[in-house]
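Letters A, B, ... mirror the listed sequences (proteins, then strands); counts begin at 1.
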2 protein chains.
Amino acid sequence: MVRPQEFNTAEVLDKALGLFRRKGFEATSMSDLLAATGLSRSSLYAAFGGKRDLFLAAFDAYRAERTAELNRNLDSRPAREAIETFFRSIIDSVHGPESSCGCMSTNQAVELAPHDAAIRSRIAADFQAIEDAFRRTIARGQAEGSIASARDAGAIARLLVVAFPGFQVMVRAGADPARLDAALKELLTLLGEGPPHPSA
Amino acid sequence: MVRPQEFNTAEVLDKALGLFRRKGFEATSMSDLLAATGLSRSSLYAAFGGKRDLFLAAFDAYRAERTAELNRNLDSRPAREAIETFFRSIIDSVHGPESSCGCMSTNQAVELAPHDAAIRSRIAADFQAIEDAFRRTIARGQAEGSIASARDAGAIARLLVVAFPGFQVMVRAGADPARLDAALKELLTLLGEGPPHPSA
DNA sequence: AAGGTAATGGACTGATCGGTCCAGAACCTA
DNA sequence: TAGGTTCTGGACCGATCAGTCCATTACCTT
């Protein structure tokens, strides 16, 4: 190597991700991506390949980060509180930096997954990871007592992982957070009626 | 009028809907629509306006039909069975005519709703109609005894209406029907443990 | 049967799509 | 400081996009 890159790969992927997440794959043009990342056509193509390659790179970076964050958050709190916080943060993302972009995996489950096997298998892995994390957390909660329900942890996890894209879609469509909050409260009923929080 | 149309408006809208539902708005081109409907460029533009107008017309026809079907199905069975059947038919749509296209309202909640107020308000109305139908059905079930839970019908309905796009997204992403079935079974727990079916 | 009106087929437009390519600028090595 | 290598800017490509327009065809009215 003689001349170093003038851009930071991670930053470029993050900028690209922002566009893909907000507008979707089809509605995002290479011109959009060039403008957002600031690099030139040649550099972008040389570094990442075509539009789809860039998309996959950005998506994979996002998936890795979100999966790590998921496990970190679920493991760092009492089980019941962790699950409640996980869903509540989705609802609260309405008030995010700007209008929410939703979850990339959920968005792509709708846009590209039906027509693209590579995307589909990634999304299957994502949902599986979420389900596994839920199951593990529920089992822990049952052991430590923060989750009163005696129902099978795997069965509850399978419902929660379906509820996840449900909340994501509702948020992206602009649903009223208060209503989503009510839905979440009802969902958490399944974990058992025990006093969930110090605040209660 | 001197010369009659050579095409049936409802049929054209149905063909267009099929494309929009399967591929989304952006990924569907006017050429695709012309090929699928069989009519000429002039006819299509003269009859429906531009791509977006055609989309809205097809979408509205779909919404009207699905809303009517929703109410019909929910009202024509014992409440608990009706709700279970409603969700199960989503899961079973995996084995539909060809690979499932998912629910148009859910798909568009992801693709266009965040950027298009006209779409957003339609989708809000759709979800509201679903929630209302659920609430009414749950209340009926509590009165007639097929739903054992004494929890507020509105609260349960608000959860079910969130679960709805969750199932739709999972189906569209190609999730395993058996797993979705397990999730549904867990969800129905909220309606109360009573013997739901003659088959049980 | 003739005339007028509306639907149709298809050529055409400018814009934009994703992608390629090359000349020149920038940088590290020696 | 000179040489070689890589990165960068931007012109350029064919394809396709949504949309327009007009000549022709087909039909109903009288």
**Item:** Nucleotide D:dC7, atom P - distance to CZ of A:Phe48 in whole Å
**Value:** 12 Å

**Item:** No-H, no-angle donor-acceptor pair, A:Arg41 side chain to C:dG19 base, under 3.5 Å
**Value:**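 Side chain to base: pair found, below 3.5 Å.
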
Distances for protein N or O near nucleotides 15-17 of chain C N or O, under 3.5 Å:
unit_1, atom_1, unit_2, atom_2, d
C:dC17, OP1, A:Ser29, OG, 3.4

**Request:** Answer with yes or no after comparing the ring centroid distance for B:Phe59 and B:Phe20 against a 6.0 Å cut-off, counting only values under it.
**Result:** no

**Message:** Aromatic contact between A:Phe87 and A:Phe134, with the criterion being ring centroids under 6.0 Å apart: yes or no?
**Reply:** yes

**Prompt:** Is the side chain of A:Arg172 donor-acceptor paired with the backbone N or O of A:Cys101 at a distance under 3.5 Å, no angle test?
**Reply:**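 Such a contact is found between A:Arg172 side chain and A:Cys101 backbone.
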
**Message:** Which label fits A:Phe55 and A:Phe25: parallel for a plane angle under 30°, tilted from 30 to 60°, or perpendicular past 60°?
**Reply:** perpendicular

**Request:** May I ask you to decide whether B:Arg179 forms a salt bridge with A:Glu131, counting only side-chain N to carboxylate O separations under 4.0 Å?
**Result:** yes

No-hydrogen, no-angle side-chain donor-acceptor test under 3.5 Å, [X] and [Y]:
X: B:Glu111; Y: B:Asn107; value: no
X: A:Asp32; Y: A:Ser29; value: yes
X: B:Gln108; Y: B:Arg21; value: no
X: B:Arg151; Y: B:Gln142; value: no

**Prompt:** In dot-bracket notation, what is the pairing pattern of DNA chain D, taking Watson-Crick (N1-N3 plus N6-O4 or O6-N4) and G-U wobble (N1-O2 and O6-N3) contacts under 3.5 Å, with [ ] crossing and | for other strands?
**Reply:** ||||||||||||||||||||||||||||||

**Prompt:** Does A:Ser43 put a side-chain nitrogen or oxygen below 4.0 Å from OP1 or OP2 of D:dC7?
**Reply:**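 Negative; the distance criterion is not met.
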
Write out a two-atom table: protein N or O, nucleotide N or O from nucleotides 22-25 of chain D, distance below 3.5 Å.
unit_1, atom_1, unit_2, atom_2, d
D:dT25, O2, B:Arg3, NH1, 2.8

